[in-house]
Number of protein chains: 2
Amino acid sequence: MSTHRSLQFSLDRSSPVPLYYQLSQQLEAAIEQGGLAPGSLLGNEIDLAARLGLSRPTVRQAIQSLVDKGLLVRRRGVGTQVLHSQVRRPLELSSLYDDLEAAGQQPATRVLLHTTEPASARVAAALGVPEGAEVVLVERLRLAHGEPMAHLRNHLPVGLLDLDGDGLAATGLYRLIRAAGITLHSARQTVGARAATAAESGLLAEPEGAPLLTMERTTYDDTGRAVEFGSHVYRASRYSFDFQLLVRP
Amino acid sequence: MSTHRSLQFSLDRSSPVPLYYQLSQQLEAAIEQGGLAPGSLLGNEIDLAARLGLSRPTVRQAIQSLVDKGLLVRRRGVGTQVLHSQVRRPLELSSLYDDLEAAGQQPATRVLLHTTEPASARVAAALGVPEGAEVVLVERLRLAHGEPMAHLRNHLPVGLLDLDGDGLAATGLYRLIRAAGITLHSARQTVGARAATAAESGLLAEPEGAPLLTMERTTYDDTGRAVEFGSHVYRASRYSFDFQLLVRP
DNA sequence: GAGTGGTCTAGACCACATA
DNA sequence: ATGTGGTCTAGACCACTCG
């Protein structure tokens with residue numbers, strides 16, 4: 001017995017958008033908007049394929065992408081079930097700027113420093129360049145609603161992209177990197193905490209010794225080349241990291 | 001022109017292990033052990049399939065699983081390339097206990113509290129139970145090399161599993177949950193920082209006001225049911241979160 | 001133009017869960 | 001016993017990259 005025979009999907013075979021993607025988008029929309037109730041079964045793949053005039057592998061590909069997103073669960077012998085919804089915020093490699101903007105926090109950036117310097121041992125190791133080689137250094141203060149939120153310190157290999165001060169002030173670093181045609185692939189992150197130094201307390205308007213959240217991140221492009229190494233400090237009173245993660249099956 | 005014609009793979013069709021999985025495991029091993037050099041091309045899928053006596057979809061499935069793991073990159077018109085390796089530590093829903101054990105840190109647990117109490121508004125919201133309903137509360141102190149590392153406070157729905165004190169002292173909570181036949185699916189996490197309270201400073205052997213890392217986590221099983229809500233505090237001087245994340249393509 | 005991955009088809013048989 | 005997803009095949013055509 002299958003469910004949801006009544007759901008309508010419209011597939012456009014003349015569209016350049018793949019059929020499995022059209023279907024997964026419409027399934028996702030149906031889940032988000034409640035057309036497919038949490039806990040309900042999706043109906044078996046063979047019927048669904050027949051009803052849509054698609055082959056089973058194509059339907060499976062659509063379903064699989066939603067399983068990977070954590071929206072559906074498949075059980076052999078049982079069926080495909082809509083997961084009882086939780087907040088869906090996958091862990092993404094987003095920039096603080098975009099996060100703040102999406103939250104309506106009116107982000108702004110003050111560029112404190114934009115120069116080159118010889119790579120320290122740690123920066124050199126992260127970026128995969130020789131120690132002492134010239135690397136770009138950018139230091140920024142990130143504000144939200146005019147209040148300081150974080151102190152951002154980034155090192156980049158020289159020649160990777162042309163950073164201009166206006167771009168840095170107007171948007172996030174990741175957007176500039178992507179705009180330069182670089183495909184980001186992965187990042188290594190370390191999140192910790194420590195007490196604010198005197199200098200940081202002045203920059204971030206926190207008392208000296210106040211707890212700060214720290215993040216170090218090395219970002220790689222799809223050739224495995226290190227693109228950026230960041231050492232960031234956030235006001236713990238104003239910011240926390242918030243994300244969802246899925247268990248690898 | 002394809003590369004790596006010489007690589008040997010042995011597939012066992014009589015094994016219950018799927019062929020695509022046998023292949024992906026052997027490919028991964030070849031990558032890890034350097035048999036497939038970073039940056040090198042894998043050779044096209046059709047030849048590989050023919051050479052192995054498999055169909056192309058099966059070979060694609062094997063390759064895709066490694067792309068999802070971040071080990072390979074596919075480019076249309078170019079080929080499949082081994083990524084220049086970085087540390088491979090995907091973000092997993094692992095327990096602190098397992099992490100410490102894997103790092104050779106000799107973890108230990110002191111169970112401070114194991115009882116039930118009425119759910120506060122926040123706990124009730126996280127677990128999806130009515131406010132004031134009885135929930136299990138477990139408080140533990142986690143040690144490494146005999147030194148306190150973290151204070152762990154977990155709430156669970158009653159009746160979900162039978163926690164016994166011995167199990168809690170001997171291993172991590174997640175292992176007990178999985179051992180009870182529960183399939184973990186996802187978690188929502190918030191990581192922040194704050195200053196140690198007087199009580200925490202005593203428990204964790206940190207000065208009062210010292211920076212602490214905090215994590216709140218709600219874990220869900222594969223039916224979408226909340227299984228556990230944790231409020232944990234880590235000594236920032238001793239611990240940081242460390243993970244890798246992949247960009248969603 | 002040649003070579004690559006991306007998509008799609010129409011079947012088949014198997015393993016597992018449930019009644 | 002039935003129904004489900006899991007795996008696998010042997011093709012096909014298309015879109016993209018690069019020389």
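Here the structure is a predicted model, which means the values were calculated and not measured.
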*Asks:* What's the CG-P distance between B:Leu54 and D:dA10, to the nearest Å?
*Replies:*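 After rounding, the gap between these two atoms is 10 Å.
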*Asks:* Find which nucleotide of DNA chain C each of A:Arg76 and A:Arg13 is nearest to by heavy atoms, and output the residue with the more 5' nucleotide.
*Replies:*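 Its nearest nucleotide lies further toward 5', so the answer is A:Arg13.
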*Asks:* Please determine whether any donor N or O and acceptor N or O are separated by less than 3.5 Å between the side chain of A:Arg56 and the base of D:dG6.
*Replies:*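 Under the 3.5 Å cut-off, the side chain and the base do form a donor-acceptor pair.
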*Asks:* Distance check needed: C:dA15 C1' versus B:Tyr21 OH, whole Å only.
*Replies:*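 Atom-to-atom, B:Tyr21 to C:dA15, this comes out as 18 Å.
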*Asks:* Please determine whether a side-chain nitrogen or oxygen atom of A:Tyr20 lies at a distance below 4.0 Å from atom OP1 or OP2 of C:dC8.
*Replies:*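 A:Tyr20 to C:dC8 OP1/OP2: no side-chain N or O under 4.0 Å.
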*Asks:* Quick one: A:Leu19 CG to C:dT9 C1', roughly how many Å, whole number?
*Replies:*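 Checked: the CG to C1' distance equals 11 Å.
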*Asks:* A:Val17 or A:Gly77: which one's nearest nucleotide on DNA chain C is closer to the 5' end?
*Replies:*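 Nearest-nucleotide comparison on DNA chain C picks A:Val17.
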*Asks:* Please give, in whole Å, the distance from D:dT17 P to B:Gln81 CD?
*Replies:*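 Rounded to the whole Å, the gap is 14 Å.
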*Asks:* Verify the distance criterion only: is there a donor paired with an acceptor across the side chains of A:Thr219 and A:Tyr174 at less than 3.5 Å?
*Replies:*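 Side chains of A:Thr219 and A:Tyr174: pair found under 3.5 Å.
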*Asks:* Could you state the CD1-P distance from B:Ile46 to D:dA12, rounded to the nearest angstrom?
*Replies:*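 Going from CD1 in B:Ile46 over to P in D:dA12 covers 12 Å.
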*Asks:* Grab the CD-C1' distance between B:Glu45 and D:dA10 for me, whole Å please.
*Replies:*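 Taking CD of B:Glu45 and C1' of D:dA10, I get 15 Å after rounding.
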*Asks:* Can you find a side chain N or O atom of A:Thr80 that sits less than 4.0 Å from OP1 or OP2 on D:dG5?
*Replies:*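 So the side-chain polar atoms of A:Thr80 do come within 4.0 Å of the phosphate oxygens OP1 or OP2 of D:dG5, strictly under.
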*Asks:* Enter the distance from B:Leu161:CG to B:Leu173:CG here, rounded to the nearest 0.5 Å.
*Replies:*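 The CG atom of B:Leu173 is 7.5 Å from CG of B:Leu161, to the nearest 0.5 Å.
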*Asks:* In whole angstroms, how far is the P atom of C:dT4 from the CG atom of B:Leu72?
*Replies:*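 After rounding, the gap between these two atoms is 16 Å.
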*Asks:* Answer with yes or no whether the side chains of A:Arg188 and B:Gln244 bring together a donor and an acceptor at under 3.5 Å.
*Replies:*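 The answer is no; no qualifying pair exists.
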*Asks:* If I take atom CG in residue A:Leu11 and atom P in nucleotide C:dC8, what distance separates them, rounded to the nearest angstrom?
*Replies:*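 It is 10 Å, rounded to the nearest whole Å.
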*Asks:* Answer yes when B:Glu101 and B:Arg175 have at least one side-chain N-carboxylate O distance shorter than 4.0 Å, and no when they do not.
*Replies:*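 Yes, this pair counts.
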*Asks:* Measuring to OP1 and OP2 of C:dG3, would you say a side-chain N or O of B:Asn44 lies under 4.0 angstrom away?
*Replies:*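 No, no such contact exists.
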*Asks:* Closest nucleotide of DNA chain D for A:Val78 versus for A:Pro57: which of these residues is on the 5' side?
*Replies:*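 Checking each residue's closest nucleotide, the 5'-ward one belongs to A:Val78.
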*Asks:* Are A:Glu45 and A:Arg74 within salt-bridge range, i.e. N to O under 4.0 Å?
*Replies:*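 Yes.
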*Asks:* Compare side-chain N and O positions of A:Arg60 against OP1 and OP2 of D:dG5 and report whether any pair is under 4.0 Å apart.
*Replies:*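 No, because none of the side-chain N or O atoms of A:Arg60 sits under 4.0 Å from OP1 or OP2 of D:dG5.
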*Asks:* Any side-chain N or O of B:Thr58 less than 4.0 Å from the OP1 or OP2 oxygen of D:dT9?
*Replies:*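 So the side chain of B:Thr58 is within the cut-off, an N or O lying under 4.0 Å from OP1 or OP2 of D:dT9.
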